[in-house]
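Here is the structure we will look at.
Order of the sequence lines sets the chain letters (A, B, ...), proteins ahead of strands, with each chain counted from 1. These numbers were taken from a predicted model, which means no experiment stands behind them.
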Protein chains: 2
Amino acid sequence: MVRTARFSEDDFIQAAMALVAEGGPAAATMQAIARRVGAPTGSIYHRFESRAAVLGTAWNAAYASFTRVLTPLLHQGRPREAALAILPWAMADERRARFLLLHEPVALFEDTPPPAPLREALERLEDEFDAAFRACVAVAGDGASRDEELARAKFLIFDAPVAILRPHLVRGGTLPPFAARMIAELHAGMPLAVTPAHDRHAARGPRPVAVA
Amino acid sequence: MVRTARFSEDDFIQAAMALVAEGGPAAATMQAIARRVGAPTGSIYHRFESRAAVLGTAWNAAYASFTRVLTPLLHQGRPREAALAILPWAMADERRARFLLLHEPVALFEDTPPPAPLREALERLEDEFDAAFRACVAVAGDGASRDEELARAKFLIFDAPVAILRPHLVRGGTLPPFAARMIAELHAGMPLAVTPAHDRHAARGPRPVAVA
DNA sequence: TGGTAATTAGAATGCACGTTTTAGAATGTG
DNA sequence: CACATTCTAAAACGTGCATTCTAATTACCA
């Protein structure tokens, strides 16, 4: 390198996340990202090959940060703690949480999909997350009832907590104390059969892989 | 009228819904809507003043269809039935369900909001829906615990069933039988205090209003 | 101190979109 | 049968976008 960079890769990613969080995918134009960072439009293209690459990198980073919190708890057979861990994760960076949880990826990536390396990295992250769920739930009966157990786990650990969180994420501001209470009550009233510890190792997914 | 129309207002609405359902808001361009209907682009402007008006009309229609099913059950104090009613409503028209439940309105309306009459009609629909929730839940204690009860109700009756439905909506195809089971189990494990019938009339919201 | 590669800087390009315009075709009314 | 009106039809316009291009800066190194 011969000239010190004024703008980092992360500057652009943060700006893109913030713009999507505040105004939806359409608000994250290249010019808006550049303006928010205070850089000329062209500078983005020294770090990212396209808009899809910027959004894809941002998405992968947010997703990885999310699963980094959940995955270990799932592998430890603690679904309740995993579900509750979503709340502090979301409040630690509200914009990132809005970016990841409030927008279907289809709206971000449909028109122009991110470059292959990013897509593959995301697929790996998704596979790891899925494997963690499978490792957590008890193996019981045939394929159909196994699908049901997995669907129950994903609902209890991911979708329901996100649904509880969503109204507050949309509104912004602090999280009311009853959000955690509702998640706890949900897990008490709709218990999940957990894999015994000695089986969990066998079901464990591939080792975590570093993602850009 | 002096010339029979080849394309109806509803043709354009259906096309817009389908395009958003399949490819997100960005896919519903005026040209795409026209192409899908088989009409020239300009014809849309004989029925709608703008793209925002098309999407807004579609949104209001989907929302009204949804609340028409839920609202009466809420006013009858039957939250469990209301929650379960979401499933047949969604399967009756999957595209409409994807359109309404899979996309945050911010992504549809942020850049250009729909014309005032449509915004007002939507606000009325939302107020009615909210009033139905308030009429359903038991009034207990101070403001904070009342907020909590209302949040519980909205989660149990709307957000959680939608979260259970969402993966299958994303994937498409038929709904697995355990979706209804999960909703029933959820309501059994996390019961909701319901307003006694004689109080419900007082809390009832404004009469339903016809929407375009 | 001048060469060089990385970066900033910002204008330029081309394309897709929402919207408008212009022209023509269809249909009920007098 | 003409007229007014409502629609189809398709091209045209202006804007904003992603991306590319050209030039000017910067900082390290020989």
Per-nucleotide pairing state of DNA chain D [Watson-Crick or G-U, under 3.5 Å; [ ] pseudoknot-crossing; | other strand]: ||||||||||||||||||||||||||||||

Between C:dA6 (P) and A:E9 (CD): distance, integer Å: 16 Å

Rounded distance in Å - CG (A:D111) to P (C:dC17): 10 Å

Full working for side chain to side chain contact (heavy atoms under 4.5 Å, CB included) between B:V137 and B:V194: CA-CA 5 Å; B:V137 302; B:V194 167; over 6 Å; no

Pair A:F99 + A:Y63: ring centers closer than 6.0 Å: no

Expected output: side-chain B:R98 to main-chain B:L169 donor-acceptor under 3.5 Å: yes

Any pair counted as side chain to side chain donor-acceptor pair (under 3.5 Å), so long as it reaches residues 9-19 of chain B, sequence neighbours left out: B:S8-B:D11

A:L87 side chain near A:M91 side chain, heavy-atom distance below 4.5 Å: no

N or O in side chain of A:R6 less than 4.0 angstrom from C:dA9 OP1/OP2: yes

Under 4.0 angstrom between B:T4 side-chain N/O and C:dA26 OP1 or OP2: no

Base D:dT26 paired with A:R3 side chain (donor-acceptor, <3.5 Å): no

Integer-rounded Å distance: D:dC21 P and A:M30 CE: 15 Å

Selection: residues 37-50 of chain B, any non-hydrogen atom under 4.0 Å of DNA chain C: B:T41, B:G42, B:Y45, B:S50

Atom-to-atom span, CD1 of A:I33 to P of C:dT8 - whole angstrom: 15 Å

Near-ring test B:F12/B:Y45, centroid separation under 6.0 angstrom: no

Test item: B:P176 and B:H168 side chains (from C-beta on) under 4.5 Å apart, heavy atoms: yes

Verdict with supporting geometry, A:R166 and A:I164, side chain to side chain contact (heavy atoms under 4.5 Å, CB included): CA-CA 6 Å; A:R166 182 171 293 135; A:I164 289 170; over 6 Å; no

Rounded distance in Å - CZ (A:R35) to P (C:dA11): 14 Å

N/O donor-acceptor pair, side chain A:Q31 with base D:dA18, under 3.5 angstrom: yes

Whole-Å gap separating P (D:dT20) and CZ (A:R51): 15 Å

Parallel, tilted or perpendicular, as decided by the 30° and 60° cut-offs, for the rings of B:F155 and A:F155: parallel

